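Here is how names work: the chains are called A, B, and so on, in the same order as the sequence lines, proteins then strands, and each is numbered from 1. Computed from a predicted model, the values in this text were never measured in an experiment.
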Amino acid sequence: MPELPEVETIKRSLEALIVNRRIVDVEVLETRLRVPVRENDFPRWIIGHRIARISRKAKYLIWELKNSAAVVIHLGMSGRLVYVNEPLPLEKHTHVIFHLDNSRQIRFRDPRRFGLIEVVAPNRLKSYQRFRQLGAEPLTDAFSADHFSPLCQRSQRSIKNLLMDAGLVVGIGNIYANEILFKAGVHPLRRGSELTEGQARRIVHAAKKVLTRAIEKGGTTLNDFRDGRGEPGFFQIELAVYERDGQECKKCGTLIEKAVSSGRSTYYCPACQRL
DNA sequence: AAACGCGCCTGCGGGC
DNA sequence: TGCCCGCAGGCGCGTT
């Protein structure tokens with residue numbers, strides 16, 4: 001569920017809390033994440049080192065340490081990072097606990113275990129495998145109609161599928177893909193090769209708009225997160241189509257429809273988004 | 001070679 | 001009431 005805006009929100013809220021803190025211990029309670037947690041990497045590169053900065057790449061969160069090593073975290077579907085002020089009881093599915101030098105903790109909790117935590121040795125981030133095949137960051141100039149339109153043109157896949165392909169553009173999952181295409185007025189099942197130039201431009205524009213707006217909204221709900229209880233305010237953004245099948249389109253009143261595409265639920269207004 | 005399908009995993013909601 | 005089934009989804013990998 002955490003897509004780009006949620007990861008960006010977490011990044012920003014964590015910055016004030018853990019940048020310049022030293023990681024004094026890492027407790028691994030469960031190694032079986034999507035990628036097994038390599039416990040041995042922690043004492044070697046992480047424990048005893050200070051966090052210099054936090055960055056985000058696609059849906060990955062990166063803690064860069066002063067020794068130039070890094071912790072890479074992906075939240076998968078159900079991952080959460082909980083900042084803990086006091087010795088609160090362990091919540092179920094807490095897999096990894098980072099102990100900081102101010103006696104606070106960052107707890108990684110992930111019921112479905114689709115997330116991952118990996119240590120990258122000093123100065124190896126540039127060659128880190130998982131970052132090699134990533135496409136454009138949607139909120140940078142690298143993601144433009146000039147860039148995206150030709151990629152679509154040469155594909156028979158649906159535009160929704162293309163938007164969710166991290167090899168082309170990163171950070172967009174099922175929820176935002178649906179919302180972006182509604183805003184752009186493009187049917188999610190339209191083939192890339194059948195997109196007009198104008199549609200491609202509208203999609204790129206809508207993507208930037210929707211993601212930026214979602215980040216702004218996420219940024220308003222940092223308080224719960226800071227306390228380490230409650231959810232970090234995901235999905236407070238008003239969704240136009242996602243999970244709204246059978247309800248009226250907010251633009252024209254037509255009933256929102258649901259289809260399944262590549263095994264994923266797809267929502268659209270049949271009037272605003274013609275195939 | 002592009003594109004699709006599956007499996008990983010748990011919680012939850014609907015149906016019976 | 002309680003159980004079971006299906007769905008939710010990012011990502012990597014296997015298959016066609």
Side-chain angles (χ1 to χ4, degrees), chain A residues 1-11 28-38 56-62 72-82 90-96 107-118 128-138 148 150-181 188-195 207 211 214 230-232 234-235 237 239 241-246 256-268:
Chain A
M1 298 276 199
E3 302 182 31
L4 185 149
E6 288 75 33
V7 178
E8 181 64 26
T9 297
I10 291 167
K11 181 217 154 196
V28 179
L29 308 174
E30 173 62 79
T31 61
R32 295 173 303 162
L33 303 186
R34 181 158 64 79
V35 173
V37 180
R38 295 174 45 166
R56 176 194 59 74
K57 191 166 179 64
K59 295 173 189 166
Y60 294 90
L61 206 56
I62 307 160
V72 173
I73 299 172
H74 195 292
L75 298 173
M77 268 294 297
S78 55
R80 296 272 192 279
L81 288 174
V82 185
L90 267 197
E91 288 178 287
K92 201 177 172 188
H93 305 299
T94 300
H95 306 315
V96 178
R107 295 179 179 176
F108 176 82
R109 204 178 151 243
D110 185 6
R112 280 173 236 187
R113 309 210 313 263
F114 278 20
L116 72 86
I117 299 181
E118 280 188 323
Y128 180 55
Q129 258 298 326
R130 301 185 192 285
F131 293 171
R132 299 204 93 146
Q133 309 284 355
L134 292 178
E137 282 287 337
F148 190 59
L151 293 176
C152 294
Q153 287 303 322
R154 68 176 78 114
S155 173
Q156 300 305 303
R157 295 157 67 191
S158 72
I159 179 57
K160 174 158 174 276
N161 218 289
L162 292 168
L163 268 182
M164 292 173 65
D165 183 342
L168 303 180
V169 54
V170 300
I172 301 172
N174 198 32
I175 296 172
Y176 289 110
N178 281 294
E179 296 296 312
I180 287 164
L181 289 170
L189 299 185
R190 168 149 300 193
R191 291 171 186 274
S193 59
E194 318 246 294
L195 279 183
L211 296 173
E231 306 298 286
F234 291 164
F235 310 130
I237 349 121
L239 299 174
V241 287
Y242 187 76
E243 286 189 335
R244 289 196 69 244
D245 49 313
I256 300 299
E257 291 184 3
K258 174 181 176 177
V260 175
S261 162
S262 314
R264 297 287 169 248
S265 296
T266 300
Y267 305 87
Y268 60 96

* **Check: Glu118(A)/Tyr60(A) side-chain N/O donor and acceptor closer than 3.5 Å** => no

* Asked: Roughly, in whole Å, what's the span from CG in Asp110(A) to C1' in dC11(C)?
  -> 13 Å

* Asked: From Asn174(A) CG over to Thr266(A) OG1, what is the distance, rounded to the nearest 0.5 angstrom?
  -> 6.0 Å

* To do: In sequence, state the C-alpha distance, the side-chain angles, and the governing distance for Glu6(A) and Ile175(A), and then conclude on side chain to side chain contact (heavy atoms under 4.5 Å, CB included).
  => CA-CA 12 Å; Glu6(A) 288 75 33; Ile175(A) 296 172; over 6 Å; no

* Structure fact -> Against the side chain of Tyr60(A), the closest entry in dA8(C), dG12(C), dG10(C) is dG12(C)

* Would you kindly give the CZ-to-C1' distance between Phe131(A) and dG12(C), to the nearest whole Å? => 16 Å

Name the pairs: protein N/O against N/O of nucleotides 3-6 of chain C, kept only if under 3.5 Å.
none

* Encode nucleotides 4-11 of chain B as B, S and - characters from 5' to 3', where the letter depends on protein heavy atoms closer than 4.0 Å: B to the base, S only to sugar-phosphate, - to neither. => S---BBBS

* **Donor-acceptor under 3.5 Å (Glu30(A) side chain, Arg32(A) main chain)** => yes

All N/O pairs under 3.5 Å across the protein-nucleotides 13-15 of chain C interface:
none

* Asked: Are His93(A) and Arg112(A) close enough, and set up right, to give a side chain to side chain contact (heavy atoms under 4.5 Å, CB included), and what steps lead you there?
  -> CA-CA 8 Å; His93(A) 305 299; Arg112(A) 280 173 236 187; over 6 Å; no

* Does Arg191(A) CZ have over 12 foreign heavy atoms under 6.0 Å away? -> no

* Roughly how many Å is it from OH in Tyr176(A) to C1' in dG10(C), rounded to a whole number? -> 15 Å

* Structure fact -> Separation of dC11(C) atom C1' from Gln129(A) atom CD, nearest Å, is 14 Å

* Could you give the CG-to-P distance, from Asp165(A) to dA2(B), as a whole number of Å? -> 12 Å

* Separation of atom CD in Glu6(A) from atom P in dA8(C), rounded to whole Å -> 18 Å

